[in-house]
Amino acid sequence: MPEAPISPAAVIELLTAEHILEPQEPIAPDSDLFSMGLDSMAMMQLLLQIEERFKLTVNPAEMTRERFATANALASFLGEKRRLAA
(Lines give C-alpha, C1' and ligand atoms only; values in the text may rest on other atoms or scores of the structure.)
Protein backbone atom coordinates (compact mmCIF):
# COMPACT_ATOMS: atom_id res chain seq x y z
CA MET A 1 0.00 0.00 0.00
CA PRO A 2 1.57 3.33 -1.01
CA GLU A 3 2.07 5.92 1.66
CA ALA A 4 -0.11 9.01 1.68
CA PRO A 5 1.31 11.99 -0.19
CA ILE A 6 3.19 14.53 1.88
CA SER A 7 0.93 17.57 2.01
CA PRO A 8 1.81 21.19 2.76
CA ALA A 9 -0.42 20.81 5.85
CA ALA A 10 1.76 17.90 7.06
CA VAL A 11 4.88 20.03 6.60
CA ILE A 12 3.30 22.95 8.50
CA GLU A 13 2.19 20.60 11.30
CA LEU A 14 5.74 19.23 11.56
CA LEU A 15 7.24 22.74 11.69
CA THR A 16 4.92 23.87 14.48
CA ALA A 17 4.50 20.64 16.49
CA GLU A 18 8.27 20.21 16.77
CA HIS A 19 8.75 23.93 17.52
CA ILE A 20 11.08 24.32 14.57
CA LEU A 21 9.27 27.56 13.74
CA GLU A 22 7.26 29.62 16.20
CA PRO A 23 5.87 32.36 13.98
CA GLN A 24 3.63 35.18 15.18
CA GLU A 25 1.03 34.38 12.52
CA PRO A 26 -0.17 31.04 11.15
CA ILE A 27 1.98 29.45 8.46
CA ALA A 28 0.20 29.31 5.10
CA PRO A 29 1.26 26.83 2.38
CA ASP A 30 2.92 29.68 0.46
CA SER A 31 4.40 31.56 3.45
CA ASP A 32 8.12 32.31 3.11
CA LEU A 33 9.59 30.01 5.76
CA PHE A 34 12.88 31.92 5.82
CA SER A 35 11.13 35.19 6.69
CA MET A 36 9.31 33.28 9.45
CA GLY A 37 12.61 32.30 11.06
CA LEU A 38 13.87 29.23 9.19
CA ASP A 39 17.65 29.41 9.45
CA SER A 40 20.47 26.87 9.15
CA MET A 41 19.93 25.52 12.67
CA ALA A 42 16.19 25.19 12.11
CA MET A 43 16.84 23.47 8.78
CA MET A 44 19.00 20.85 10.49
CA GLN A 45 16.25 20.25 13.06
CA LEU A 46 13.73 20.02 10.23
CA LEU A 47 15.93 17.52 8.40
CA LEU A 48 16.02 15.21 11.41
CA GLN A 49 12.24 15.43 11.79
CA ILE A 50 11.66 14.76 8.07
CA GLU A 51 13.78 11.62 8.33
CA GLU A 52 11.94 10.47 11.44
CA ARG A 53 8.38 11.32 10.43
CA PHE A 54 8.40 10.76 6.66
CA LYS A 55 11.17 8.11 6.58
CA LEU A 56 13.05 10.05 3.89
CA THR A 57 16.73 10.89 3.78
CA VAL A 58 17.58 14.34 2.44
CA ASN A 59 21.20 14.95 1.48
CA PRO A 60 22.67 18.31 2.47
CA ALA A 61 23.23 19.05 -1.24
CA GLU A 62 19.46 18.80 -1.75
CA MET A 63 18.73 21.45 0.88
CA THR A 64 18.28 24.39 -1.45
CA ARG A 65 16.56 27.64 -0.62
CA GLU A 66 13.99 26.97 -3.35
CA ARG A 67 13.04 23.55 -1.96
CA PHE A 68 12.70 24.83 1.60
CA ALA A 69 11.16 28.23 0.76
CA THR A 70 7.52 27.32 1.49
CA ALA A 71 5.50 24.42 2.86
CA ASN A 72 4.18 23.88 -0.69
CA ALA A 73 7.70 23.70 -2.12
CA LEU A 74 8.94 21.38 0.61
CA ALA A 75 5.92 19.06 0.36
CA SER A 76 6.36 18.89 -3.41
CA PHE A 77 10.09 18.10 -3.08
CA LEU A 78 9.51 15.45 -0.39
CA GLY A 79 6.62 13.92 -2.32
CA GLU A 80 8.76 13.59 -5.43
CA LYS A 81 11.58 12.10 -3.36
CA ARG A 82 9.18 9.54 -1.86
CA ARG A 83 7.77 8.72 -5.32
CA LEU A 84 11.26 8.13 -6.75
CA ALA A 85 12.25 5.98 -3.76
CA ALA A 86 9.20 3.71 -4.17
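It should be emphasised that the depicted structure is a prediction, and the values quoted were computed from it without experimental measurement.
For the residue pair Pro8 and Ala75, the shortest heavy atom distance occurs at N-CB, 3.5 Å. The minimum heavy-atom distance linking Leu56 with Arg82 is given by the pair CD2-CA, 3.8 Å. Of all the heavy atoms in Phe77 and Val58, the pair that sits closest is CE2-CG1, 4.0 Å. Annotation for Phe68 and Glu62: closest pair CE1-O, 4.2 Å, computed over non-hydrogen atoms. Here the closest heavy-atom approach between residue Ala73 and residue Thr70 is recorded as N-OG1, 2.9 Å. Residue Leu38 comes nearest to Ala42 through the heavy atom pair CD1-CB, 3.6 Å, listed as atom of the first residue, atom of the second, then distance.
Classification of Glu13 and Arg53 as a salt-bridged pair holds, one side-chain N sitting under 4.0 Å from a carboxylate O.
Put simply, Met44 and Leu74 are part of the same group of oily side chains (I, L, V, M, F, W, Y) that touch within less than 4.5 Å, one to the next.
With rounding to the nearest 0.5 Å, the separation of CG in Leu47 from CE in Met63 is 4.5 Å. A distance of 10.0 Å separates CG of Leu33 from CG of Asp30, quoted to the nearest 0.5 Å. Once rounded to the nearest 0.5 Å, the distance linking CG of Asn59 with OG1 of Thr57 reads 7.5 Å. Distance CD/Gln49 to NE2/His19: 10.5 Å, rounded to 0.5 Å. Atom CD1 of Ile12 sits about 7.0 Å away from atom OG of Ser31, to the nearest 0.5 Å. Atom CG of Leu46 is separated from atom OG of Ser40 by 12.5 Å, given to the nearest 0.5 angstrom.
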| task | Assess whether side chain to side chain contact (heavy atoms under 4.5 Å, CB included) is satisfied between Leu14 and Phe54, documenting all intermediate values. | result | CA-CA 10 Å; Leu14 176 67; Phe54 300 129; 4.0 Å; yes
| query | Yes or no on side chain to side chain contact (heavy atoms under 4.5 Å, CB included) for Glu22 and Met36, after CA distance, side-chain angles and deciding distance? | reply | CA-CA 8 Å; Glu22 296 184 8; Met36 297 187 120; over 6 Å; no
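The side-chain heavy atoms of Thr16 and Leu21, taken from C-beta on, include no pair separated by under 4.5 Å. Contact of the Leu48 side chain with the Gln45 side chain is not registered, since no non-hydrogen atoms from C-beta on lie closer than 4.5 Å.
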